[in-house]
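All of these numbers come straight from a predicted model, not from anything done at the bench.
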Amino acid sequence: MSDGRVIFARDGAIARITLDRPAKLNALTPAMLAALGDTVGRIDGDDDIRAVVLSATGERAFCVGADIDAWAAAGPLDMWRHWVRDGHAVFDRMARLRPPLIAAIEGLALGGGLELAATCDLRIGGADAAFGLPEADVGVVPGWSGTQRLVRAIGPAPVKLMALAGERLDAGAAERAGVLHRVVPAGAALDAALDMAARIAARGPIAVQLTKQLINAAVGEDTARTLEALAAGVAGGTQDIREGVAGFREKRPPVFSNR
């Protein structure tokens with residue numbers, strides 16, 4: 001089984017993540033999940049990256065989810081301890097990236113591929129894109145937040161249609177449901193996503209990143225950490241924190257000014 005690759009590239013302030021396993025419709029393996037996690041860590045540690053585009057190699061599929069040969073070989077305990085938990089950990093990190101994350105979707109985005117797309121702030125799809133949650137066809141359930149983050153993003157009705165009835169949404173239906181923010185001609189999704197990334201990168205990066213975190217917090221995405229980080233940032237710019245640190249270093253009681 002080919003593990004495939006996750007390719008990282010950067011052009012100025014714009015980073016690109018590319019799933020590169022077209023022969024298997026970019027189905028995710030454990031190695032690819034680990035590579036995604038490493039790539040997200042690399043991006044989050046680079047303050048000069050202002051926007052990120054997620055795409056895939058090939059025209060047939062963005063991603064058809066988890067590789068069935070990989071998860072079918074896992075026993076119940078491995079599914080609980082590793083496969084589902086590891087996927088959640090990586091997808092959570094993607095959803096919580098500081099810079100905006102834009103998906104360029106061509107072809108199929110099924111199961112974990114749709115859950116992966118749901119981690120993105122903005123989703124642009126080619127006219128041939130199609131979306132679904134087919135897990136019940138093989139006796140499993142959505143495991144990487146298809147019943148949680150995806151519901152928060154687009155509401156329960158389209159998720160139930162896909163997950164319970166097994167229906168797929170074409171690009172038009174996906175745009176109406178909120179799965180896609182924009183539909184472009186087939187083959188044009190990546191260029192459209194890069195154009196959007198360039199427009200985002202030209203705006204005030206701190207304001208954009210703070211706004212993203214606030215919007216995410218409004219729907220329950222990383223709310224606690226966002227609130228504490230923003231509060232710590234405010235406190236860190238005050239005279240009081242400088243006085244507190246000075247008092248600690250000089251071994252004297254600090255004299256706070258409420259400023």
Side-chain angles (χ1 to χ4, degrees), residues 2-29 31-44 46 49-67 87 90-91 93-132 144 149-150 153 168-171 174-175 178-201 212:
S2 172
D3 275 337
R5 298 185 301 164
V6 173
I7 302 171
F8 172 82
R10 182 176 169 189
D11 182 8
I14 299 172
R16 286 187 57 188
I17 304 171
T18 306
L19 306 181
D20 185 36
R21 199 185 182 210
K24 294 294 185 178
L25 303 182
N26 298 306
L28 296 171
T29 65
M32 291 173 74
L33 278 179
L36 274 173
D38 291 343
T39 301
V40 170
R42 180 176 181 177
I43 292 170
D44 231 1
D46 189 335
I49 293 176
R50 299 186 179 189
V52 185
V53 173
L54 172 66
S55 63
T57 303
E59 300 176 356
R60 296 171 60 201
F62 169 72
C63 176
V64 295
D67 187 291
V90 172
F91 283 22
R93 291 186 70 188
M94 295 189 71
R96 297 166 186 177
L97 271 171
R98 285 181 298 99
L101 177 60
I102 306 164
I105 302 168
E106 300 282 359
L108 299 173
L110 304 178
L114 176 52
E115 292 167 317
L116 177 63
T119 69
C120 298
D121 302 291
L122 297 164
R123 293 173 291 275
I124 298 174
D128 62 347
F131 304 84
W144 289 336
R149 178 178 293 115
L150 186 59
R168 291 185 182 179
L169 302 182
D170 62 19
E175 185 178 32
V179 177
L180 289 176
H181 295 89
R182 184 165 299 164
V183 177
V184 297
L190 179 56
D191 286 343
L194 289 170
D195 180 67
M196 184 173 287
R199 295 201 304 273
I200 290 172
K212 168 182 170 169

For residues S55 and R16, determine if any side-chain heavy atom of one lies less than 4.5 Å from a side-chain heavy atom of the other. yes
Please say whether more than 12 non-hydrogen atoms of neighbouring residues, nucleotides or ligands are located less than 6.0 Å from CZ in R168. no
Any chance you could measure R149, atom CZ, to T119, atom OG1, to the nearest 0.5 Å? 6.5 Å
Please list, chain by chain and in numerical order, all residues satisfying side-chain hydrogen bond (donor to acceptor under 3.5 Å, both in side chains) with R93, sequence neighbours excluded. none
Heavy atoms only: give me the nearest G112-W144 pair and the separation to one decimal. CA-CE3, 4.0 Å
Under 3.5 Å, side chain of E175 to main-chain N/O of D170, donor-acceptor pair present? no
For D121 and L101, indicate whether the former's side chain and the latter's backbone hold a donor-acceptor pair under 3.5 Å. yes
For the pair M196 and R182, evaluate side chain to side chain contact (heavy atoms under 4.5 Å, CB included) and give the outcome as yes or no after the intermediate values. CA-CA 11 Å; M196 184 173 287; R182 184 165 299 164; 3.5 Å; yes
Give the intermediate values and the outcome of side chain to side chain contact (heavy atoms under 4.5 Å, CB included) for residues L110 and F131. CA-CA 5 Å; L110 304 178; F131 304 84; 5.8 Å; no
Hey, does V52 have a side-chain heavy atom less than 4.5 Å from the side chain of P100? no
Could you pull out the closest heavy-atom pair between L19 and F62, with the gap in Å? CD1-O, 3.8 Å
Quick one: side chains of residues 6-13, donor-acceptor pairs under 3.5 Å with protein atoms, not counting sequence neighbours, listed by atom name and distance.
{"unit_1": "R10", "atom_1": "NE", "unit_2": "G12", "atom_2": "O", "d": "2.6"}
{"unit_1": "R10", "atom_1": "NH1", "unit_2": "D46", "atom_2": "OD2", "d": "2.5"}
{"unit_1": "R10", "atom_1": "NH2", "unit_2": "G12", "atom_2": "O", "d": "3.3"}

Return the minimal non-hydrogen interatomic distance between A193 and A104, and the atom names on each side. CB-CB, 3.8 Å
Answer whether the closest heavy-atom distance between the side chains of I200 and L122 falls below 4.5 Å. yes
Treating E106 as the side-chain partner and D128 as the backbone partner, does any N or O pair qualify as donor plus acceptor under 3.5 Å? no
Rounded at 0.5 Å granularity, tell me how far CD1 in I49 sits from CD1 in I14. 10.5 Å
Atom CG in L114, atom CG in L169: separation rounded to 0.5 Å? 8.5 Å
Any idea which heavy atoms bring A171 and A127 closest together, and the distance? CB-O, 3.7 Å
Closest approach of L28 and C63, non-hydrogen atoms and distance? CG-SG, 3.8 Å
Roughly how far, to the nearest 0.5 Å, is CD1 of I105 from SG of C120? 7.0 Å
How long is the span from the CG atom in D44 to the OG1 atom in T39, to the nearest 0.5 Å? 12.0 Å
To the nearest 0.5 Å, how far apart are CD1 in I124 and CG in L190? 9.5 Å
Where the side chain of K24 meets the backbone of V64, is there a donor-acceptor pair that is under 3.5 Å apart? no
Chi angles and distances behind the side chain to side chain contact (heavy atoms under 4.5 Å, CB included) call for R96, V40: CA-CA 10 Å; R96 297 166 186 177; V40 170; over 6 Å; no
Step by step, would you call I17 with I43 a side chain to side chain contact (heavy atoms under 4.5 Å, CB included)? CA-CA 10 Å; I17 304 171; I43 292 170; 3.7 Å; yes
Given D67, N26, T57, T29, the one that forms side chain to side chain donor-acceptor pair (under 3.5 Å) with R21: D67
